[in-house]
Enquirer: 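Below are the C-alpha coordinates for one structure; questions will follow.
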Amino acid sequence: MSQHKVTTETSGDSTQITVDDVLWMSIVDGLITIRLANDGVYAERDESVNGMTIAPYHPRLAYVAPEAREAVRAEVGL
(Lines give C-alpha, C1' and ligand atoms only; values in the text may rest on other atoms or scores of the structure.)
Protein backbone atom coordinates (compact mmCIF):
# COMPACT_ATOMS: atom_id res chain seq x y z
CA MET A 1 0.00 0.00 0.00
CA SER A 2 3.01 2.27 0.00
CA GLN A 3 1.87 3.44 -3.44
CA HIS A 4 -1.26 4.97 -1.92
CA LYS A 5 -1.24 8.41 -0.34
CA VAL A 6 -2.40 8.41 3.30
CA THR A 7 -4.02 11.55 4.73
CA THR A 8 -4.95 12.06 8.39
CA GLU A 9 -7.06 14.91 9.76
CA THR A 10 -7.94 15.39 13.42
CA SER A 11 -10.38 17.89 14.86
CA GLY A 12 -11.60 17.72 18.44
CA ASP A 13 -12.77 14.19 19.16
CA SER A 14 -12.84 13.01 15.53
CA THR A 15 -10.21 11.74 13.11
CA GLN A 16 -10.49 10.99 9.40
CA ILE A 17 -7.96 8.76 7.67
CA THR A 18 -7.94 8.39 3.90
CA VAL A 19 -5.90 5.88 1.91
CA ASP A 20 -6.35 7.02 -1.69
CA ASP A 21 -8.14 4.49 -3.89
CA VAL A 22 -8.50 2.05 -0.95
CA LEU A 23 -10.53 3.34 2.00
CA TRP A 24 -11.81 6.19 4.10
CA MET A 25 -11.99 5.76 7.88
CA SER A 26 -13.66 7.97 10.45
CA ILE A 27 -13.13 7.70 14.20
CA VAL A 28 -15.56 9.66 16.36
CA ASP A 29 -15.90 9.08 20.11
CA GLY A 30 -14.36 5.61 19.75
CA LEU A 31 -16.73 4.52 16.95
CA ILE A 32 -14.83 3.53 13.80
CA THR A 33 -16.48 3.60 10.38
CA ILE A 34 -14.62 2.26 7.34
CA ARG A 35 -15.82 2.83 3.77
CA LEU A 36 -14.05 1.09 0.93
CA ALA A 37 -13.17 3.21 -2.09
CA ASN A 38 -15.00 1.04 -4.62
CA ASP A 39 -16.33 -2.47 -5.21
CA GLY A 40 -12.92 -3.62 -6.47
CA VAL A 41 -11.30 -3.17 -3.05
CA TYR A 42 -10.84 -6.57 -1.39
CA ALA A 43 -11.70 -7.11 2.28
CA GLU A 44 -11.47 -10.35 4.23
CA ARG A 45 -12.20 -10.90 7.89
CA ASP A 46 -10.10 -13.40 9.86
CA GLU A 47 -12.12 -14.23 12.94
CA SER A 48 -9.33 -16.38 14.44
CA VAL A 49 -7.24 -13.24 15.01
CA ASN A 50 -10.18 -10.80 15.08
CA GLY A 51 -8.72 -8.83 12.20
CA MET A 52 -9.31 -7.69 8.63
CA THR A 53 -7.19 -7.60 5.51
CA ILE A 54 -8.00 -4.76 3.09
CA ALA A 55 -6.24 -4.52 -0.26
CA PRO A 56 -6.71 -2.34 -3.35
CA TYR A 57 -7.54 -5.47 -5.37
CA HIS A 58 -8.19 -9.17 -4.83
CA PRO A 59 -4.96 -11.13 -4.08
CA ARG A 60 -5.66 -13.37 -7.10
CA LEU A 61 -5.00 -10.28 -9.25
CA ALA A 62 -1.58 -9.54 -7.73
CA TYR A 63 0.30 -11.01 -10.69
CA VAL A 64 -1.96 -9.53 -13.37
CA ALA A 65 -0.71 -6.40 -15.12
CA PRO A 66 -2.51 -3.35 -13.66
CA GLU A 67 -3.99 -2.38 -17.02
CA ALA A 68 -5.53 -5.87 -17.40
CA ARG A 69 -6.99 -6.21 -13.87
CA GLU A 70 -10.49 -4.96 -14.70
CA ALA A 71 -10.85 -7.36 -17.63
CA VAL A 72 -9.51 -10.32 -15.62
CA ARG A 73 -11.67 -9.37 -12.62
CA ALA A 74 -14.79 -9.49 -14.82
CA GLU A 75 -13.70 -12.72 -16.49
CA VAL A 76 -13.19 -14.63 -13.21
CA GLY A 77 -16.05 -12.96 -11.36
CA LEU A 78 -14.15 -11.07 -8.68
Side-chain angles (χ1 to χ4, degrees):
M1 294 240 232
S2 61
Q3 302 171 12
H4 300 274
K5 181 180 175 187
V6 177
T7 307
T8 304
E9 297 177 28
T10 301
S11 176
D13 61 357
S14 69
T15 300
Q16 287 78 39
I17 301 167
T18 303
V19 181
D20 284 353
D21 300 322
V22 179
L23 63 83
W24 174 86
M25 182 169 61
S26 172
I27 307 167
V28 179
D29 292 329
L31 176 65
I32 299 171
T33 302
I34 299 173
R35 292 191 182 101
L36 303 180
N38 58 58
D39 63 356
V41 174
Y42 173 77
E44 178 181 326
R45 179 164 181 167
D46 184 343
E47 292 184 20
S48 67
V49 296
N50 199 27
M52 288 185 76
T53 298
I54 300 174
Y57 48 79
H58 193 285
R60 290 176 57 189
L61 297 173
Y63 299 103
V64 174
E67 62 274 10
R69 284 187 182 140
E70 289 304 315
V72 172
R73 182 190 326 265
E75 183 178 325
V76 298
L78 294 176

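These figures come from a predicted structure and were not determined experimentally. One-based numbering along the sequence shown. What you see below is based on every heavy atom in this structure, not just the backbone, and it leaves out hydrogens, waters and symmetry mates.
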Enquirer: Who pairs with Tyr57 by ring pair (Phe, Tyr, Trp, His ring centres under 6.0 Å), at least two apart in sequence or on another chain?
Expert: none
Enquirer: Just to verify, which of Asp13, Ile32, Ile34 counts as forming a side-chain contact (heavy atoms from CB on, under 4.5 Å) with Ile27?
Expert: Ile32
Enquirer: Under the side-chain contact (heavy atoms from CB on, under 4.5 Å) rule, collect the residues that match up with Ala43, sequence neighbours excluded.
Expert: Leu36, Met52, Ile54
Enquirer: State plainly whether one hydrophobic cluster holds both Val22 and Met25, where clusters connect Ile, Leu, Val, Met, Phe, Trp and Tyr through side-chain heavy atoms under 4.5 angstrom apart.
Expert: yes
Enquirer: Is there any ring pair (Phe, Tyr, Trp, His ring centres under 6.0 Å) pair reaching into residues 34-55, and which pairs are they, with sequence neighbours excluded?
Expert: Tyr42-His58
Enquirer: Can you check side-chain contact (heavy atoms from CB on, under 4.5 Å) on Leu61 and Val72, steps first, answer last?
Expert: CA-CA 8 Å; Leu61 297 173; Val72 172; 3.6 Å; yes
Enquirer: Which pairs, with at least one residue in residues 38-64 and sequence neighbours excluded, count as a salt bridge (Lys or Arg N to Asp or Glu O under 4.0 Å)?
Expert: none
Enquirer: Applying salt bridge (Lys or Arg N to Asp or Glu O under 4.0 Å), can you list everything that pairs with Glu70, at least two apart in sequence or on another chain?
Expert: Arg73
Enquirer: Nearest 0.5 Å, what's the CG-NE2 distance between Leu23 and His4?
Expert: 10.0 Å
Enquirer: Give me each pair satisfying side chain to side chain donor-acceptor pair (under 3.5 Å) with a member in residues 14-36, each pair once, sequence neighbours excluded.
Expert: Thr10-Thr15
